[in-house]
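Below: one structure, written as structure tokens.
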Amino acid sequence: MEAWGAARTRVARLLWIAVYLALAASVLLLLLVGAVPKGRDLAVEIAAGLGYVALALLSLQLALGARVRRVVNALGLDAVLLFHRQAGLWTAAFVAAHVVLLAAAEPWYVAHLLDLSASAPRALALAFALMGLLLLVLVPRQLTRLRIPYEAWRVGHGLLAVIVVGVALWHVLMIGRSSATPAKQAAVTALVAVPAAALVASHLLRPLLALRRPWRVAEVRRERDGVWTLVLEAAGHDGLRFQPGQSVWLTLGRSPFSPRQHPFTIASSAASPRRVELTIKELGDFTRTIGQTPVGTRAYLAGPYGAFALDLRARRPLVCIAGGIGVTPMMSMIRTLHDRGDRRPVLLVYASSTVDKIVFAQELEELARAMDLRVVHVIERPAPGWSGQGGLIGRELLDRYLTDRYEGAEVFVCGPEPMMNVVERALRDRAVPGGRVHAEHFVLVGSRPPGRRSMREGHIRALSAGIALILLVAVLLVAALRAAPAGSASPH
């Protein structure tokens, strides 16, 4: 049963990747249906194919931004966000290649499209869309440096993305010869309309449904300096069913339509769906004042999200390796097992910079006495007299504590990226099957220090590059099939 569950998860992930690739490439089928424009050379055909694929990729970016739960819970919220960023870069590359190749093949036509005297609205719209796409790609990477509030960026980013996609669709429908028939125009419009509908559902329908399931801040508990727990109670409904380790998007205030919406991992037990606890560290604009939230404040939750979750049906031992505030999903898992009376062996290796930075220290001691839980604290800068583990989590430390008692365990890793990279490599060297290692990386937009890259991001980069390469090959094949004797014609 456990093997079947793991296989089903892998198949679901591969299926969603295949669906993404198929949707991105499907637009090229329009170029193979019906009459082929005469007199277009290979360069123009390649430029046309690049443009159509760029439109498909732009529309799929809307779908990724919609946080569709089926997709997020199959792939993981962190993986979807990372892929969204990488796909944005490749989308911009396809647009740039479309413009550059077309300008090289038929400069007169590009000049005509951007000629204000020929059609000022068309020229301005295309110029705005190109500039908007550039901003969509560059601004997130400089968000912290530019000191743009997250909420303002989030709203502006979404609106600008919708405008850019709208202009791209108009460009193809009004100018493209390859989509001149009503049937082809309907197909192209549907390609954009479906992801746009998912985005509308995310930002309009989902908040409307949330109005019927409000929450109330019942307690604001200080865990230690700069770390607070918001205790939320369901107001007139049966609460939230979730798997331990999953996250939610939190909105505080009277309206679920507020742009001040942020993701947090649930720290409480899944056995108490009417009481959700979010343990939050003061980091940014929103979280800096989280400890000042008045009791009684109305709240709304969207979710649950994420594939970083403990399958309670499996009976494997549990190994949690956490750093800093990354312990919150582990607390949800441990609290849930305790409340369910689950006696499986559990190991928590928990790294903190100093002893006073440990979160949940007393509760972990109590849980260790009440269940089969071993807690290993690793203190980076231990004070004199500290008798526990010091330094950083490394391969030797893991070899010491990952004994035969935890053979076959499900391993969850969450914390600072350098720590996670070391742990993931060590687990790989120990031949721990990748399907039993679960890692979640949450880095806010624009907040990663230069030169820092997680292993997960490396995998996502490779995946996105592979998809882009497949799409490029598809464009070249379709262009070769359509290429006609050189002549002058419209590039679409």
Side-chain angles (χ1 to χ4, degrees), residues 9-10 12-21 23-24 57-58 60-94 136-144 150 153-154 157-158 161 195 198-199 202 245-247 249 261-265 283-284 303 305-309 323 325-326 329 412-421 423-425 434 437-471:
T9 298
R10 287 193 292 270
R13 291 173 179 173
L14 291 173
L15 178 62
W16 282 114
I17 293 171
V19 167
Y20 178 92
L21 181 58
L23 289 174
L57 292 174
L58 282 169
L60 288 171
Q61 286 292 88
L62 297 183
L64 290 173
R67 304 196 312 266
V68 178
R69 280 180 60 182
R70 283 183 177 272
V71 178
V72 170
N73 291 350
L75 302 177
L77 183 57
D78 61 331
V80 171
L81 293 176
L82 285 169
F83 184 79
H84 180 65
R85 297 176 202 173
Q86 293 303 313
L89 292 176
W90 286 111
T91 301
F94 272 80
L136 288 173
V137 172
L138 295 181
V139 169
R141 297 175 174 274
Q142 302 296 325
L143 199 61
T144 303
Y150 173 77
W153 168 82
R154 186 167 174 263
H157 186 83
L199 190 65
S202 172
Q246 289 188 303
S247 58
W249 286 71
Q261 188 179 90
H262 297 260
F264 298 105
T265 302
L283 288 173
Y305 290 105
F308 187 81
I325 201 63
F412 290 83
V413 187
C414 188
E417 289 187 6
M419 182 208 83
M420 295 185 69
N421 289 339
V423 170
E424 289 181 74
R425 291 191 186 98
V437 178
H438 314 273
E440 187 157 66
H441 301 255
F442 268 115
V443 178
L444 294 175
V445 176
S447 64
R448 175 181 282 112
R452 296 279 182 90
R453 183 182 302 171
S454 67
M455 290 179 64
R456 173 69 62 86
E457 186 169 358
H459 296 157
I460 296 296
R461 283 173 177 257
L463 173 63
S464 61
I467 290 175
L469 180 60
I470 292 173
L471 292 174

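Looking at every heavy atom in both residues, Trp16 comes nearest to Arg70 through NE1-O, 3.8 Å. Across all their heavy atoms, Asp78 and Glu440 have their closest contact at OD2-CA, 3.4 Å. Contact detail for Ser247 and Leu77: the closest heavy-atom pair is OG-CD2, 3.8 Å. Considering every non-hydrogen atom in both Ala74 and Ala307, the closest pair reads O-CB, 4.1 Å. Closest heavy-atom contact between Gly415 and Met420: O-SD, 3.1 Å.
By the side-chain contact (heavy atoms from CB on, under 4.5 Å) test, Ala63 pairs with Pro195, sequence neighbours left out. Remark: Ala66 pairs with Val68, Ala198, Leu199, Ser202 by the side-chain contact (heavy atoms from CB on, under 4.5 Å) rule, at least two apart or across chains. Evaluation of the side-chain contact (heavy atoms from CB on, under 4.5 Å) rule for Ile467 yields Ile17, Tyr20, Leu21, Phe83, Leu463, Leu471 as partners, not counting sequence neighbours.
Using a 4.5 Å cut-off on side-chain heavy atoms (C-beta onward), Leu58 and Phe94 make no contact. In this structure, the side chains of Leu64 and Gln61 come closer than 4.5 Å at one or more pairs of heavy atoms.
With rounding to the nearest 0.5 angstrom, the OH atom of Tyr305 is 11.0 Å from the CD atom of Gln246. Here the CG-CZ distance, from Leu136 to Arg85, works out to 14.0 Å after rounding to the nearest 0.5 Å. To the nearest 0.5 Å, atom CG of residue Leu82 and atom CZ of residue Arg461 are 9.5 Å apart. Rounded to the nearest 0.5 Å, atoms CG (Leu15) and CG (Leu75) are 10.0 Å apart. Interatomic distance, Glu424 CD to His459 NE2, rounded to the nearest 0.5 Å: 7.5 Å. To the nearest 0.5 angstrom, Thr91 atom OG1 is 9.0 Å from His84 atom NE2.
No more than 12 heavy atoms of other residues, nucleotides or ligands sit less than 6.0 Å from atom CH2 of Trp90.
Remark: side-chain polar atoms of Asn73 are paired, donor with acceptor, to backbone N or O of Gly306 under 3.5 angstrom.
Ring to ring, His438 and Phe412 are close: their centroids are under 6.0 angstrom apart.
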